[in-house]
Amino acid sequence: MPPLVQLPTVPRAFYNRDPRIVGRELLGKVLLRREGRALLAGRIVECEAYLGPEDPAAHAASGKTARNAVLFGPPGYAYVYFIYGNHWCLNVSCLPDGTPGGLLFRALEPLAGIPRMAANRHLEPSQLRLIASGPGRLSEALAITRPRDNAKDLTSPKSDLRIVDDGFRPDAIRESPRIGIRKAMDLPLRYTIANSPYISAKRP
DNA sequence: TTATAGATTGCCT
DNA sequence: GGCAATCTATAAT
């Protein structure tokens, strides 16, 4: 297996599709972060699709604003927002320019840079499943913020935040209702790798 | 201009 | 299981 940094970056065309397709196929891919000379990485084990006007739970549902503009732009870009006065959440835009949609990254299986990620989370490196099992935790582990990362191109091999494919394919994928929303709670748009111990704790 | 809900987390009982 | 923390976007006055 070549080093993580030499793996192929997932191309823009991958994201130029319905988030419900992209979400399923994103499971197992590797999110890479360069922090100075350090390399941080984790395998995507949980994500959620957010659609357009037909999805009342989506930020894009109420129209384009300065905050959510990335969701309306071309596919493959980072949409980062702040929630509950405490946490940053990372999404990737999907569908062509002008059509809103995206995926929320909810949990990673830590792969590389574990001591650094644990330090970012004020944890011991042994507390593996607390490092990135939740959207706020994931962002804190990778030091993701809106000022630093919003609108960043996740498909550029030179980007300090990107997604690569190491060939791993999950044995089984689970679809379930999305977490933490008050609207459209019945839609099964949450995707997890079945039996992964690294998904966020609420509900299997 | 003020109010409130929110794609969460961690600490309390 | 309950709830405070703490900021922002948007809705309501």
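Letters A, B, ... mirror the listed sequences (proteins, then strands); counts begin at 1.
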Query raised in the report: Quick one: what's the B/S/- string for nucleotides 8-13 of chain B, heavy-atom cutoff under 4.0 Å, read 5' to 3'?
Result: BBS---
Query raised in the report: For DNA chain B, what dot-bracket results from Watson-Crick or G-U pairs at under 3.5 Å, with [ ] for crossers and | for inter-strand partners?
Result: ||||||.|||||.
Query - Inter-nucleotide C1' distance (dA5(B), dC3(C)), Å rounded - result: 16 Å
Query raised in the report: Got a sec, which residues hit salt bridge (charged side-chain N to carboxylate O under 4.0 Å, His left out) with D149(A), two or more places apart in sequence or on another chain?
Result: R33(A), K152(A)
Query - Donor-acceptor side-chain pairing of S133(A) and R137(A) below 3.5 angstrom - result: yes
Report task. For E109(A), enumerate each residue passing the salt bridge (charged side-chain N to carboxylate O under 4.0 Å, His left out) test, keeping only those at least two apart in sequence or located in another chain. Result -> none
Requested in this report: Take the protein atom CZ of R182(A) and the nucleotide atom C1' of dA7(B), then report the distance between them rounded to whole Å.
Outcome: 13 Å
Report task. Report the residue (R146(A) or G85(A)) whose heavy-atom-nearest nucleotide on DNA chain C is the more 5′ of the two. Result -> G85(A)
Query - Results of side-chain contact (heavy atoms from CB on, under 4.5 Å) for R169(A) - residues two or more places apart only - result: K29(A), D165(A)
Query raised in the report: Among all residues two or more places apart in sequence or in another chain, which pass the side-chain contact (heavy atoms from CB on, under 4.5 Å) test with T145(A)?
Result: W88(A), P147(A), R148(A)
Report summary line: The salt bridge (charged side-chain N to carboxylate O under 4.0 Å, His left out) partners of E124(A) (sequence neighbours excluded) come to none
**Report entry** Contact list for residues 5-16 of chain A, test salt bridge (Lys or Arg N to Asp or Glu O under 4.0 Å), sequence neighbours left out
**Finding:** R12(A)-D153(A)
Report task. Please indicate whether N86(A) has more than 12 foreign heavy atoms, meaning atoms of other residues, nucleotides or ligands, lying under 6.0 Å from its CG. Result -> yes
Query - Partners passing side-chain contact (heavy atoms from CB on, under 4.5 Å) against P96(A) (at least two apart in sequence or in another chain) - result: N16(A), T99(A)
Query - Contact interval (first through last nucleotide) of DNA chain C with protein chain A, 4.0 Å heavy-atom - result: dA5(C) to dT10(C)
**Report entry** Residues in contact with DNA chain B, drawn from residues 40-79 of chain A - heavy-atom cutoff 4.0 Å
**Finding:** Y50(A), A57(A), H59(A)
Query - Test: R24(A) and D18(A) ion pair at under 4.0 Å - result: no
Query - Cation-aromatic face contact R43(A)/F168(A), 6.0 Å, 45 degrees - result: yes
Report task. Would you check if there is a donor-acceptor pair between the side chains of E46(A) and S196(A) at a distance under 3.5 Å? Result -> no
Report task. Quick one: list whatever passes side-chain contact (heavy atoms from CB on, under 4.5 Å) with R34(A), sequence neighbours left out. Result -> L39(A), D160(A)
